[in-house]
Structure formats: structure tokens, C-alpha cells
Amino acid sequence: MPGSKDHAITTSGNLDRSFFSRDVEQVAADLIGITFLVDGIGGTIVETEAYCKNDPASHSFKGLKPRNAAMFGPAGHAYVYFIYGMHWCVNFTCGDGSAILIRAIEPTSGLAAMAVRRGVTDKRLLCSGPGRLCKALGINARFDGLSLYQPPFCLTYSQPAPSVTRSKRIGISLAKDSPRRFCATNSNYLSRPVSK
DNA sequence: CTACCGATCGCCT
DNA sequence: GGCGATCGGTAGC
């Protein structure tokens, strides 16, 4: 594509096979701007958080357990867990106990279906939070461990890489000062503003 | 806009 | 018995 006029405006296509087999923080940053669809429903990733096995806040910190098995499996798979008795959250694995929590996406496809699942119509509230986006995209335990390179998942480059802002993670009590949250700068679809 | 609170349940000590 | 990688509602500035 070098020399192509379109290259500076947009890129497209599936993620490279080795996309997730890199440093988890680098992958978390690179995911910002990627399109994430489940059965054709979803949008652009605007907020992620990186977790790894030597991180006290990570589900993998205390080693391999039935719940976090996907984190210790191959890179490029979904790690889905249930939290607070009512919410599902989805991560993308990067191998060796590391994974990236998908915290928010900007809805672009299947808005009506997402609105029905969520029970709200405000576009800003459809997928702005890890639990919200899983409900909007229909993600639950059945998706745990599945490859991100196979249906129902679809991950593609769909726009130029946006500016990324790095900050502290949300909702954790351990390692709370570590800046492993990555957001599309000035996005209107974050789970919470970047500033404290 | 920020802050607090209750809901609700699987997994841990 | 306690605590979550959360959310929606309410109160208050």
C-alpha cells in the first residue's frame, strides 16, 4: 500500500496472525481503533487495559485456575469471566498469563440489536463499559476460550490509528497506580473520563 | 459533572 | 463470611 492515496486515510483487513503474540501493553495500545464485531455487531475499540501474570491486579497473578485457563492458553483467544454476580467481561489473550480487558467500544454496527439487548437507546451508553459491551454484543461464558480469528468474532483494521492516551486502570484495588489503561484520545464512548 | 449505594453470585479463605 | 477488572439509580455540587 505504500504510495496508495487511501493509505493515509484508512486501512482495512484482518489482523495479522501474530498480532497478539507481542508485549501485552503494546497490543493493548494497538487495539485502540480496531473494529471488533461479534456476529456482525459491534464497533471500534476505544478503551483497553493490560494485565499480566506478575501483576497483582491480574486474574492470572495467583496462577492457573479453571476460571482463568484461557489466559494461560494461546494468544489471540477470548478470556470471558463473570463478575459481581451479574456482568460478563471479555479479554483478548496475549499468551503466558497476559490478556487485555476490552473496556469500551464506539458502536458502529448493529445499533438496533445492541439497543434491544441493553435496554437503552443512547448510543453513548450502549458499549461504554466492559459489562455493557458484553451485553450489547451478546458475549457470555460460551465464548470463553474461542479463537478471535474465527466466527463469531471479527477483528479488522478499519481506520487510521487514533491518538492513544495512557492512564491508570479502573475498578481495581491492587496496583492501582500502574498506567496500563489505553484510551482513544477525546473519545465520547469511554467507560469513564481519563482524568481522575 | 462526581460520589455513594445496593444488587447479586461464583470463588476464595 | 468477604470480596470482586460493574452497573444503574439517586443525591448533591
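Letters A, B, ... mirror the listed sequences (proteins, then strands); counts begin at 1. Note that the structure is predicted; figures quoted are calculated from it, not measured.
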Nucleotide pairing, DNA chain C (Watson-Crick or G-U, distances under 3.5 Å), in dot-bracket with [ ] and |: ||||.|||||||.
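Closest to the side chain of A:S173, from the set C:dG4, C:dA5, B:dC9, is C:dG4. Closest to the A:Y79 side chain, of the nucleotides B:dG10, C:dA5, C:dG4, is C:dA5. Nearest to the side-chain atoms of A:I83 among the listed nucleotides C:dT6, B:dG10, C:dG8 stands C:dT6. Of the candidates C:dG4, C:dA5, B:dT2, B:dT2 carries the atom nearest the A:P193 side chain, counting heavy atoms from C-beta on. Side-chain proximity of A:M86 to the nucleotides C:dA5, B:dC9, B:dT8 is greatest for B:dT8. For A:Y51, taking side-chain heavy atoms from C-beta onward, the closest of the listed nucleotides B:dT2, C:dT6, C:dA5 is C:dA5. Closest to the side chain of A:Y84, from the set C:dT6, B:dC12, C:dG8, is C:dT6. Closest to the A:N91 side chain, of the nucleotides C:dA5, C:dC7, B:dT8, is C:dA5.
As a whole-Å value, the separation of A:W88 CH2 from B:dC11 P is 9 Å. Here B:dC1 presents its P atom at 12 Å from CG of A:L190, a figure rounded to the nearest Å. Atom CG in A:L101 sits about 13 Å away from atom C1' in C:dG4, given to the nearest Å. In this structure, A:K62 atom NZ and C:dC3 atom P are separated by 13 Å, rounded to whole Å. Following rounding to the nearest Å, A:D122 (CG) and C:dG9 (P) show an atom-to-atom distance of 12 Å. When the P atom of B:dC11 is taken as reference, atom CG of A:D144 falls 12 Å away, rounded to whole Å. What separates NZ of A:K135 from C1' of B:dA7 is a distance of 13 Å, to the nearest Å. In this entry the distance linking CD1 of A:I170 with P of B:dA3 reads 13 Å, nearest Å.
Cation-pi geometry between A:R22 and A:F19 is met: the NZ or CZ atom falls under 6.0 Å from the ring centre, inside 45° of the normal. By the 6.0 Å and 45° rule, A:R180 does not stack over the aromatic ring of A:Y51. A cation-pi arrangement is absent between A:R103 and A:F182, since the terminal nitrogen or guanidinium carbon is not both under 6.0 Å from the aromatic centre and inside a 45° cone about the axis.
Counted within 6.0 Å of CG on A:N140, heavy atoms from surrounding residues, nucleotides or ligands total more than 12; the atom is thus considered enclosed.
A:S191 comes within 4.0 angstrom of no nucleic acid atom, judged by non-hydrogen atoms across all strands. Note on A:R118: only backbone sugar-phosphate atoms sit closer than 4.0 angstrom, heavy atoms only; bases stay farther off. When heavy atoms are screened at a 4.0 angstrom cut-off, A:I172 is found touching the sugar-phosphate backbone but no base atom. Using a 4.0 Å heavy-atom distance criterion, A:R132 is classed as a sugar-phosphate-only contact.
Between A:R169 and A:D177 there is no salt bridge, since no side-chain N of the basic residue sits under 4.0 Å from a carboxylate O of the acidic one.
Using a 4.0 Å cut-off, no side-chain N or O of A:R67 falls inside it from OP1 or OP2 of B:dC12. Between A:H59 and C:dA5 there is a side-chain N or O to OP1 or OP2 distance below 4.0 Å.
A ring-centre distance under 6.0 Å is found for A:F36 and A:F92.
A:I83 is listed as a side-chain neighbour of A:C89, based on a closest heavy-atom distance under 4.5 Å.
Side-chain N/O atoms of A:S191 and A:E47 include a donor and acceptor closer than 3.5 Å.
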